[in-house]
Amino acid sequence: MRFSRLLGKTLKEAPADADCASHRLLVRAGMIQQVATGVYSYLPLGWRSLKKIEDIIRSEMDNAGSQELMMPSLQPIELWEKSGRMASFDKTLFIVTDRKEHKLALGPTHEEVITDLVRRSVQSYRDLPQLLYQIQNKFRDEPRSRGGLLRVREFIMKDLYSFDVDEAGLDVSYEKMIQAYKNVYARCGLPAVMVEADSGAIGGKASHEFMLIAESGEDQIIYCAKCGYAANSEKATSVKTSETEVKPLAIEEVSTPKMTTIEEVANFLSIKAEQTLKSVFYVADGEIIFVVIRGDLDVNEIKLKNLLKCNDLHMATEAETKEAGLVAGYASAISLKGHRIVGDDSIKLGGNFVAGANKPDAHLKNVNYPRDFKVDTIADIAVARAGDQCPKCDGKLESQQGIEVGHIFKLGTFLSDRLGAYYLDKDGESKPIIMGCYGIGVGRLLAAAVEQSHDDKGIIWPLPIAPFEVCLCPLKVDDPPVMQAAEKLYAELTSGGIEVLLDDRPESPGVKFNDADLIGIPLRIVISARTLKTSSVELKWRREKQAEILPLEGLVDAVRKLVKSGDNG
RNA sequence: CGGGGAGUAGCGCAGUUGGUUAGCGCGCAGCGUUCGGGACGCUGAGGUCGGAGGUUCGAGUCCUCUCUCCCCGACCA
């Protein structure tokens, strides 16, 4: 490819309000362009990288024994009504209406369609197992897009679905996918880590995410360096401990004027936060839920939502709190009537807690569970934090931000049951097919790669997903010997199977170097009158500071070796 | 949806208490000089000031409505 013909200009300035490195750099490098909120075009350079990632994914999915197919974006709304997932997707579904006033959803994912497809194509255990995938655009009307390609409303996803006769089969499929995913990230040159995850709106049992560590990531990973435990903070657990063993004392009321936060109360009474009980009010699908948790801990809303099995969960607003007759800042579960109470299991640890007195400006001392109050449900609904004890060993948990670049789920049978995907087993008995699903956000992976590999000059692509492998820069295009040598080398490299971007623009050296750095092509070859004097060129890795001088003689082979080795420093 | 901010040339921005023909940098086109880390000179093209309505002799500037975009939260690949 000749740079002079390439569509998409490099920009000196990025949109002022673009904060993420990947957003700024992908726009500046002329790889993507925004069309609407969370909607982007890929320009030729960006599309080349994207296709490389797709190809890697394809080959790994194929290797794992999967078949590629293609399903439509338009999905009859009836399938969603049947699966019962309308409510959990809710407003994120883009719904279009056809000329007959019939409603169709733009696919946010394809479990419904593929389960229906498999229902018609699979009748016998002999047809199973199956691994099926596609790479296709998905549509989700996200409440908020962000960070360029990191979170968008139309995105390219590889979605694979597994169909098995039993749990053991699902385990095999799941393991195959874990290995395939690891291969994908490794081949892209990206060190993704696998963590335990919540299954969210997709539903199902076990679930894992693949994360790329990055400051700009939206997810927090909680991990233990000692035993390798790692989980999304939505899912992570930790061992809750209590420093004090206490003998229950009699309840006592204390005046706490104008103290509504745990911190204020604890300071005022000279106690630790873990000696208090915190009350938090939520609204779950319209019902007020009263939550009790030890004062030093926070409620993990995902855990709470899963526990309550509700579609919508939010902190009660002031109005909702008031309407429920609750006194914010001074509420407690003691003699509370009319509301469902959920307790975190931390309330069992320690005792003689300070809790609200259910009236303004007063708290109660020496509150003990279950002596003084009962709860309807008790479970772990607390946020696990760095510094907590690992749930698997005696190590300490740590945390890091990450970008979710893959998510896999063991779905089980709830979709095949609802959509009628059954098979006959050896004994002629009809059974629901056991499903799993496995997704990679391809565009997000591209952005994550940039987040994770760039410097102040621009992108530093890992070789396997770079738009070109080599940027060939003749420094003076109107100097015939230089340009002739460049053209010759360009032809030789290209026919040698190397992807070369020839910077044939009549620009100054500075412009060419800066653009090559910005676009992030792994290898740069400079030809100038200077190097030609010794029949050589200058070769430099994007990642390295130092360049080296190589003879023109045998250069193609040398470059091919470098590219093959994938060693980009 | 809640909170904050922004829409002026392809991109990044300025535009004072309302006052002629709306500016600057980059980029773009032409000519010339340069050529190893974003060179320079000259010439030139490019704008319904997001949209609609209003106030006014006069609106980029003031008022009302509206659309779009960005950032922070609740969601996800």
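Naming: A, B, ... by sequence-line order, numbering from 1 per chain. Note: hydrogens, waters and symmetry copies are ignored here, and every other heavy atom, side chains too, is used.
Going from the P atom of B:A22 to that of B:C35 covers 41 Å, rounded to whole Å. The same atom, C1', is picked in B:U17 and in B:U56; the two are 16 Å apart, to the nearest Å. Comparing B:G12 with B:C69, their P atoms are spaced 15 Å from each other, to the whole Å. Across B:U48 and B:G38, the matching C1' atoms stand 35 Å from one another, rounded to whole Å. Comparing B:G18 with B:G73, their C1' atoms are spaced 40 Å from each other, to the whole Å. A gap of 8 Å separates the C1' atoms of B:U55 and B:C62, to the nearest Å. Across the P atoms, B:G5 and B:C63 are found 15 Å apart, a figure rounded to whole Å. To the nearest whole angstrom, the two C1' atoms, one in B:G32 and one in B:G25, are 23 Å apart.
Within 4.0 Å (heavy atoms only), A:D219 reaches at least one base atom of the nucleic acid. Using a 4.0 Å heavy-atom distance criterion, A:G406 is classed as a sugar-phosphate-only contact. Counting any heavy atom pair closer than 4.0 Å across all strands shown, A:V442 reaches no nucleic acid atom.
Nearest-nucleotide positions on RNA chain B place A:L475 closer to the 5' end than the other of A:M157 and A:L475. Nearest-nucleotide positions on RNA chain B for A:K512 and A:D478 put A:D478 closer to the 5' end.
In summary, A:D503 and A:R505 engage in a salt bridge, as defined by a charged side-chain N under 4.0 Å from a carboxylate O. Electrostatic pairing of A:K540 and A:E548 does not count as a salt bridge here, judged by no charged N lying under 4.0 Å from a carboxylate O. The residues A:K158 and A:E54 are annotated as not salt-bridged, no charged nitrogen and carboxylate oxygen being separated by less than 4.0 angstrom.
Checked by atom type and distance alone, the side chain of A:S49 pairs as donor or acceptor with a backbone atom of A:I465 at under 3.5 Å. Between the A:D141 side chain and the A:L93 main chain, no donor and acceptor come within less than 3.5 Å of each other. Formation of a donor-acceptor pair under 3.5 Å by the A:Y438 side chain with backbone atoms of A:G406 is not found in this model. In this structure, A:S279 contributes its side chain and A:V292 its backbone to no donor-acceptor pair below 3.5 Å. A donor-acceptor pair under 3.5 Å is formed between the side chain of A:W461 and the backbone N or O of A:I519. For the pair A:K176 (side chain) and A:A180 (backbone), a donor-acceptor distance under 3.5 Å is absent.
In the interface, the side chain of A:R505 is not paired with the base of B:G27 through any donor and acceptor atom under 3.5 Å apart.
Partners of A:Q220 by side chain to side chain donor-acceptor pair (under 3.5 Å), not counting sequence neighbours, listed by chain and number: A:S399. For A:R530, there are no salt bridge (charged side-chain N to carboxylate O under 4.0 Å, His left out) partners, not counting sequence neighbours.
Note: CD (A:E507) to C1' (B:U33) measures 16 Å, nearest angstrom. Rounded to an integer number of Å, the gap from A:E54 CD to B:A77 P is 18 Å. Summarising the geometry, the separation between CE on A:M315 and P on B:G2 is reported as 18 Å, rounded to the nearest angstrom. Straight-line distance from the CG atom of A:N137 to the P atom of B:A77: 16 Å, rounded to whole Å. Taking atom CG on A:L160 and atom P on B:A77, their separation rounds to 15 Å, with Å as the unit. Spacing between atom CD of A:E218 and atom C1' of B:C76 amounts to 8 Å, rounded to whole angstrom units. Computed from coordinates, the A:K545 NZ to B:G37 P distance equals 16 Å when rounded to whole Å. Residue A:K457 contributes atom NZ, which lies 7 Å from atom C1' of B:G37 at whole-angstrom precision.
Both geometric conditions, a ring-centre gap below 5.5 Å and a plane tilt below 30°, are not fulfilled together for A:F513 over the base of B:G38.
No cation-pi contact links A:R153 to A:F139, judged by a cut-off of 6.0 Å to the six-membered ring centre and 45° from its axis.
In this structure, the ring of A:F210 has its center no less than 6.0 angstrom from the ring center of A:H208. Here A:F290 and A:F281 bring their ring centres to under 6.0 angstrom of each other.
Closest to the side chain of A:D517, out of B:G37, B:C26, B:C76, is B:G37. For A:E142, whose side chain is taken as the heavy atoms from C-beta onward, the closest listed nucleotide among B:G38, B:C76, B:G37 is B:C76.
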Atom pairs, N/O to N/O, protein against nucleotides 7-12 of chain B, distance under 3.5 Å?
{"unit_1": "B:G12", "atom_1": "O2'", "unit_2": "A:E13", "atom_2": "OE2", "d": "3.0"}

For nucleotides 42-47 of chain B, which of its nitrogen or oxygen atoms have a protein nitrogen or oxygen under 3.5 Å away, and what is each distance?
none

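The phosphate of B:A77 (OP1 or OP2) has a side-chain N or O of A:H407 nearer than 4.0 angstrom. Note on A:S508: a side-chain N or O is less than 4.0 Å away from OP1 or OP2 of B:A39.
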Exercise. Going 5' to 3' through nucleotides 67-73 of chain B, assign each nucleotide B (protein heavy atom under 4.0 Å from a base atom), S (under 4.0 Å only from sugar-phosphate atoms) or - (no protein heavy atom that close).
Key: --SSSBB

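Helical stems in RNA chain B, defined as runs of 3 or more consecutive Watson-Crick or G-U wobble pairs with donor-acceptor distances under 3.5 Å: B:1-7 with B:67-73, B:10-13 with B:23-26, B:28-33 with B:39-44, B:50-54 with B:62-66.
Considering only heavy atoms from C-beta on, A:I135 stays 4.5 Å or farther from A:M70 through its side chain.
Between A:F89 and A:W80, the ring planes lie perpendicular to each other; the angle is over 60°, past the 30° to 60° tilted range.
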